[in-house]
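Here is the structure we will look at, set down as structure tokens.
Residue numbering restarts at 1 for every chain, and letters A, B, ... go by the order of the sequence lines. Quick note: numbers below take in every heavy atom, side chains included, and nothing from hydrogens, waters or symmetry partners.
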There are 2 protein chains.
Amino acid sequence: MGEQIPALDSDFLKKGHEVYLRHVSVDGVIFGFHENELKVLLLKWKNNGPWCLPGGFVRREESLQKAATRILHERTGLHDIFLQQFHTFGEPDREKKKTQINSNMAGSWLMERFVTVGYYALVEYSKVKPAPDMLSDECRWWDIQSVPALVYDHNDILNHALAALRQSLNDHPIGYSLLPEKFTMPELQRLYETILGRPIDRRNFQKKMLGLDILVRLKERKTGGAHKAPYLYRFDKRKYDRALKEGWGLGFV
Amino acid sequence: MGEQIPALDSDFLKKGHEVYLRHVSVDGVIFGFHENELKVLLLKWKNNGPWCLPGGFVRREESLQKAATRILHERTGLHDIFLQQFHTFGEPDREKKKTQINSNMAGSWLMERFVTVGYYALVEYSKVKPAPDMLSDECRWWDIQSVPALVYDHNDILNHALAALRQSLNDHPIGYSLLPEKFTMPELQRLYETILGRPIDRRNFQKKMLGLDILVRLKERKTGGAHKAPYLYRFDKRKYDRALKEGWGLGFV
DNA sequence: CCAAAAGTGTTGCCTTTACACCCATGT
DNA sequence: ACATGGGTGTAAAGGCAACACTTTTGG
């Protein structure tokens, strides 16, 4: 399935800079939504190292966007990921505690300073197959509320991504990327409430969402749950794309 | 006054990468406001080359923000510039028409691919002393409406900056950086109209601005002009800073 | 039959928009 | 005096927030 993940071998350490740009990296904040909680995908470095954001380097003939897409594909197995660049982090001491995993790394391009371009991604939780990279031996979802201390400035990057996500709630109907094809109105509402971190009135929310005229109510209802069965909805791709161009004023925030 | 501008000499071409990060540059879109027109500061490359945005490189121990500040200081003479990072441009072919100014450049780090971090700045037009850099022999303001074709993707960068500026009109009262200390309400309105590219109702604008409670009306009036003399205003720094923290809802756009 | 969740509609407030009148100044 | 631009207030409209009642379902 596409790319081969390079191994952290001597060749990569000594000649990586012939393949990748020096001093430039890409980090991704991958958001998912599951069981009414906003999740983020993290990696754990080998040898019981710290947790970190998935990231990687930019090939010499590759765009930043392509690099981010490639890296996130490698971690999630997904194509067609909704990606948004949000900030570039370039403090000279952002990696001050940079550690050598092995002796080969001394003097390597990898030990030099990196400026990292942050992208956030919105993915459908259930479709992701988390996969560690060459530097890590674990890859899994974390609840946004209980993210551990991350390496370098990665907590900072995560917080910036979250702020950018909140900001973009006004311009983009986030649900399209984060929810499964069919979903209920309460599920969509939980998503918004989770991202915004505050409750929203049930009835006003429904009115506003339906008012956008991008949702289709299906005949079916969600079965199995207790209490009254909610309707299922899906996005109307035609109307959704049209509205994307014209912008929409969903004045949350 | 501070930095010495390096000359485009053999030493810079051959050893610049020991001082600066490879593949990373910073470009600035410097906005000013004069005679009811939004202006942008551009440089013209030597030997009758194309116009471009002011930019430069990042020292190995310098943050992106510091680099942008340094570069913009060199072009404008200003300290304490309001700077905002807005996007990072990393298409591999963004500099496809890269030209060698002289034969020393062959194989130089300068001829390699650069990812550039875009910052926009808001400055007070009258305080700027435009100064060319080592690659250019002219530096002057251009009306935003009549910007010429720029080198590489610099028109693209400028357009992104303008979009980011419009966006931030809602969160930040731009006037503080772009206008002189004392200004009239019509002047402030022209600024908003120019950035938004559309007219605003005179009375509603005044109501909204005064409603923010960050302006102080002075006893003086603007003299010299024809017709009724408008009041002069200045920002109330105390209230301005307080409002900055809390955010304000000036629902333009 | 009761608790808990979902579906729907109405009201009032507040923000935004539209618009009219008077005042000051240079020609 | 008149044309042009500046200062102020008011009324209508539209969007948003607050809120109550009914329906469905499992226990």
With sequence neighbours left out, what residues match A:Glu187 under salt bridge (Lys or Arg N to Asp or Glu O under 4.0 Å)?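 A:Glu187 satisfies salt bridge (Lys or Arg N to Asp or Glu O under 4.0 Å) with A:Lys222 once adjacent residues are dropped.
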Which heavy-atom pair separates [X] from [Y] by the least distance, and what is that distance?
| X | Y | answer |
| --- | --- | --- |
| B:Tyr192 | B:Pro173 | OH-CA, 3.6 Å |
| B:Ile30 | B:Pro54 | CD1-CG, 4.0 Å |
| A:Val147 | A:Trp142 | CA-CE3, 4.2 Å |
| B:Ala67 | B:Val26 | CB-CG2, 4.3 Å |

Separation of [N] [atom2] from [X] [atom1] (nearest whole Å):
| X | N | atom1 | atom2 | answer |
| --- | --- | --- | --- | --- |
| B:Phe183 | D:dG6 | CZ | P | 15 Å |
| B:Glu193 | D:dG5 | CD | P | 13 Å |
| A:Leu212 | D:dG15 | CG | P | 13 Å |
| A:Phe205 | C:dA5 | CZ | P | 17 Å |
| A:Lys208 | D:dA18 | NZ | P | 12 Å |
| A:Leu188 | C:dA5 | CG | C1' | 17 Å |
| B:Glu187 | D:dG7 | CD | P | 11 Å |
| A:Leu215 | C:dG7 | CG | P | 12 Å |

side-chain hydrogen bond (donor to acceptor under 3.5 Å, both in side chains): which pairs involve residues 229-238 of chain A, sequence neighbours left out?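 Every side-chain hydrogen bond (donor to acceptor under 3.5 Å, both in side chains) pair that includes a residue of residues 229-238 of chain A, provided the two are not neighbours, is A:Arg217-A:Tyr233, A:Arg221-A:Tyr231, A:Lys237-A:Asp241.
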If you restrict it to nitrogen or oxygen atoms, what contacts under 3.5 Å exist between nucleotides 22-27 of chain D and the protein, and what is each distance?
{"from": "D:dT24", "atom 1": "O2", "to": "A:Lys228", "atom 2": "N", "distance (Å)": "3.4"}
{"from": "D:dT25", "atom 1": "O4'", "to": "A:His227", "atom 2": "O", "distance (Å)": "3.4"}

Strictly under 3.5 Å: I want the nitrogen or oxygen pairs between protein and nucleotides 8-12 of chain D, one per line.
{"from": "D:dT8", "atom 1": "OP1", "to": "B:Arg217", "atom 2": "NH2", "distance (Å)": "3.3"}
{"from": "D:dT8", "atom 1": "OP2", "to": "B:Gln206", "atom 2": "NE2", "distance (Å)": "2.9"}
{"from": "D:dT8", "atom 1": "OP2", "to": "B:Arg217", "atom 2": "NH2", "distance (Å)": "3.0"}
{"from": "D:dT10", "atom 1": "O4", "to": "B:Lys207", "atom 2": "NZ", "distance (Å)": "2.9"}

Please determine whether side chain to side chain contact (heavy atoms under 4.5 Å, CB included) holds for the pair B:Phe86 and B:Ile157, giving the CA-CA distance in whole Å, both sets of side-chain angles, and the decisive distance to 0.1 Å. CA-CA 9 Å; B:Phe86 61 93; B:Ile157 296 175; 3.8 Å; yes
Distance-only donor-acceptor pairs under 3.5 Å for side chains of residues 174-183 of chain B, two or more places apart:
{"from": "B:Lys182", "atom 1": "NZ", "to": "B:Glu220", "atom 2": "OE2", "distance (Å)": "2.8"}

Listed partners of B:His34 passing ring pair (Phe, Tyr, Trp, His ring centres under 6.0 Å), at least two apart: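 So B:His34 forms a ring pair (Phe, Tyr, Trp, His ring centres under 6.0 Å) with B:Tyr125.
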